[in-house]
Colleague: 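Got a structure here, written out as structure tokens. Questions coming.
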Amino acid sequence: MNNEELTIEESNEILNTVKWLPLGTVVSLEGSEQKAMIIGRIQQDRNNPDVKFEYTAVLYPQGLVNPKENYMFNLSQVKRIYFLGFSNEENEIFEKQMDQYLEDNNIVYN
């Protein structure tokens with residue numbers, strides 16, 4: 001089992017080349033040292049449906065402690081990737097569907 005943490009160089013290379021991070025990816029965000037694990041993509045703020053985010057995450061290693069405490073963010077806020085989640089053909093097909101949904105609905109993230 002490969003549980004090795006990505007190097008900063010590997011993290012930067014991924015951040016400069018990917019459009020979507022797979023579920024299960026562990027990251028840290030700008031302004032925080034706390035790690036978070038991605039559990040969802042294309043999210044909207046329940047208090048303000050006009051505000052949309054690329055990802056939702058839970059704290060790592062704690063996981064889902066309180067269902068009301070998910071953390072939403074965009075790829076541009078990711079400071080570092082520690083672990084890249086699972087991706088296969090199904091994920092690649094879904095990523096294309098997400099791209100099409102965003103295009104069809106004129107949704108643009110920062």
Side-chain angles (χ1 to χ4, degrees):
M1 181 181 285
N2 184 1
N3 289 326
E4 291 186 27
E5 194 172 280
L6 296 174
T7 65
I8 292 173
E9 292 78 17
E10 291 169 326
S11 171
N12 289 338
E13 182 178 337
I14 293 167
L15 286 171
N16 289 327
T17 58
V18 309
K19 185 167 184 180
W20 293 104
L21 295 171
L23 299 178
T25 297
V26 177
V27 301
S28 62
L29 304 175
E30 293 294 336
S32 176
E33 293 303 314
Q34 175 67 53
K35 292 180 180 79
M37 183 176 68
I38 295 172
I39 62 167
R41 299 179 282 196
I42 306 182
Q43 304 292 305
Q44 73 181 27
D45 186 323
R46 77 179 92 195
N47 298 320
N48 186 352
D50 293 332
V51 177
K52 299 198 177 12
F53 295 92
E54 291 172 302
Y55 301 99
T56 188
V58 294
L59 296 179
Y60 179 88
Q62 296 89 334
L64 184 61
V65 176
N66 180 340
K68 294 181 180 182
E69 291 184 6
N70 291 334
Y71 300 90
M72 292 185 281
F73 60 93
N74 293 321
L75 184 62
S76 62
Q77 296 170 276
V78 175
K79 177 172 60 176
R80 180 170 177 193
I81 299 169
Y82 291 92
F83 180 80
L84 195 61
F86 179 71
S87 183
N88 63 6
E89 186 177 338
E90 288 176 282
N91 185 61
E92 292 171 13
I93 291 168
F94 186 69
E95 287 179 356
K96 289 177 184 169
Q97 292 170 340
M98 288 190 299
D99 289 337
Q100 189 63 54
Y101 171 81
L102 296 175
E103 184 178 323
D104 292 348
N105 292 282
N106 296 318
I107 298 171
V108 178
Y109 297 107
N110 297 338

Colleague: Any side-chain heavy atom of L29 within less than 4.5 Å of one from V78?
Modeller: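 Heavy-atom side-chain distance check passes, below 4.5 Å.
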Colleague: Between I81 and V26, is there a side-chain heavy-atom distance shorter than 4.5 Å?
Modeller: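 In short, these two side chains do not touch, never coming nearer than 4.5 Å.
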Colleague: Any idea which heavy atoms bring N105 and Y101 closest together, and the distance?
Modeller: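 Result for this residue pair: ND2-O, 2.8 Å.
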Colleague: L21 and I14: side chain to side chain contact (heavy atoms under 4.5 Å, CB included), yes or no, with the steps?
Modeller: CA-CA 9 Å; L21 295 171; I14 293 167; 4.1 Å; yes
Colleague: Do you reckon F94 sits in the same ILVMFWY cluster as I107, going by side-chain contacts under 4.5 Å, direct or chained?
Modeller: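 Same cluster: F94 reaches I107 through Ile, Leu, Val, Met, Phe, Trp or Tyr contacts under 4.5 Å.
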Colleague: For the CD atom on Q44, are there more than 12 heavy atoms of other groups (residues, nucleotides or ligands in this structure) within a distance under 6.0 Å?
Modeller: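 Atom CD in Q44 is packed in, count exceeds 12.
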Colleague: Spell out, as yes or no, whether a donor-acceptor pair under 3.5 Å connects the side chain of T56 to the backbone of M72.
Modeller: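 Checked: no pair found.
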Colleague: Is it true that, when you exclude I93 itself, more than 12 heavy atoms of the residues, nucleotides or ligands shown sit nearer than 6.0 Å to its CD1?
Modeller: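 It does: I93 CD1 has more than 12 such atoms within range.
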Colleague: Verify the cluster assignment for Y71 and L75: are they in a single hydrophobic cluster under the rule of side-chain heavy atoms below 4.5 Å apart?
Modeller: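 Per the 4.5 Å side-chain linkage, Y71 and L75 are not co-clustered.
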Colleague: For E33 and K79: C-alpha separation, side-chain torsions, deciding distance, then whether salt bridge (Lys or Arg N to Asp or Glu O under 4.0 Å) applies.
Modeller: CA-CA 9 Å; E33 293 303 314; K79 177 172 60 176; 2.8 Å; yes
Colleague: Within the side chain of Q43, is there an N or O that forms a donor-acceptor pair under 3.5 Å with the backbone of R41?
Modeller: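 Yes: the side chain of Q43 pairs with the backbone of R41.
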Colleague: Would you check if the side chain of N74 reaches a backbone N or O of S76 as a donor-acceptor pair within less than 3.5 Å?
Modeller: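 No: the side chain of N74 does not pair with the backbone of S76.
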Colleague: With a 6.0 Å cut-off on the ring centroids, do F73 and F53 count as close?
Modeller: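 That pair fails the under 6.0 Å test.
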Colleague: My understanding is that only one of E30, E9, E5, E10 makes a salt bridge (Lys or Arg N to Asp or Glu O under 4.0 Å) with R80; could you say which?
Modeller: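 It is E5; the other options fail the test.
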Colleague: Take a 6.0 Å sphere around OH of Y60 and say whether it holds more than 12 heavy atoms from other residues, nucleotides or ligands.
Modeller: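 Not more than 12 within 6.0 Å, no.
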Colleague: In this structure, would L23 and V27 fall into the same cluster of hydrophobic residues linked by side-chain contacts under 4.5 Å?
Modeller: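 Yes; tracing contacts between hydrophobic side chains, which count when under 4.5 Å, links both residues.
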Colleague: Which distance, rounded to the nearest 0.5 Å, do you find between the CG of N91 and the NZ of K96?
Modeller: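 So the gap between those two atoms works out to 11.0 Å.
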Colleague: Can you tell me how far CD of E89 sits from CD of E92, rounded to the nearest 0.5 angstrom?
Modeller: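 Going from CD on E92 over to CD on E89, the span is 7.0 Å.
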Colleague: In the structure I gave you, are the side-chain heavy atoms of Q62 and Q34 within less than 4.5 Å of one another anywhere?
Modeller: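 The answer is yes; the side chains approach within 4.5 Å.
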Colleague: Rounded to the nearest 0.5 Å, how far does CG of N66 lie from CG of L59?
Modeller: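 So the gap between those two atoms works out to 10.5 Å.
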Colleague: Apply side chain to side chain contact (heavy atoms under 4.5 Å, CB included) to N12 and T7, showing your working.
Modeller: CA-CA 9 Å; N12 289 338; T7 65; over 6 Å; no
Colleague: How about P22 and I38: do any of their side-chain heavy atoms sit closer than 4.5 Å?
Modeller: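 P22 does not reach I38 side chain to side chain.
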Colleague: Distance only, no hydrogens: is a donor on one side chain within 3.5 Å (strictly under) of an acceptor on the other, for D99 and W20?
Modeller: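 Note: D99 and W20 side chains meet the donor-acceptor criterion.
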Colleague: Please report the shortest heavy-atom distance between E4 and F83, naming the atom on each side.
Modeller: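 Between these two residues, the closest heavy atoms are O-CD1, 4.4 Å.
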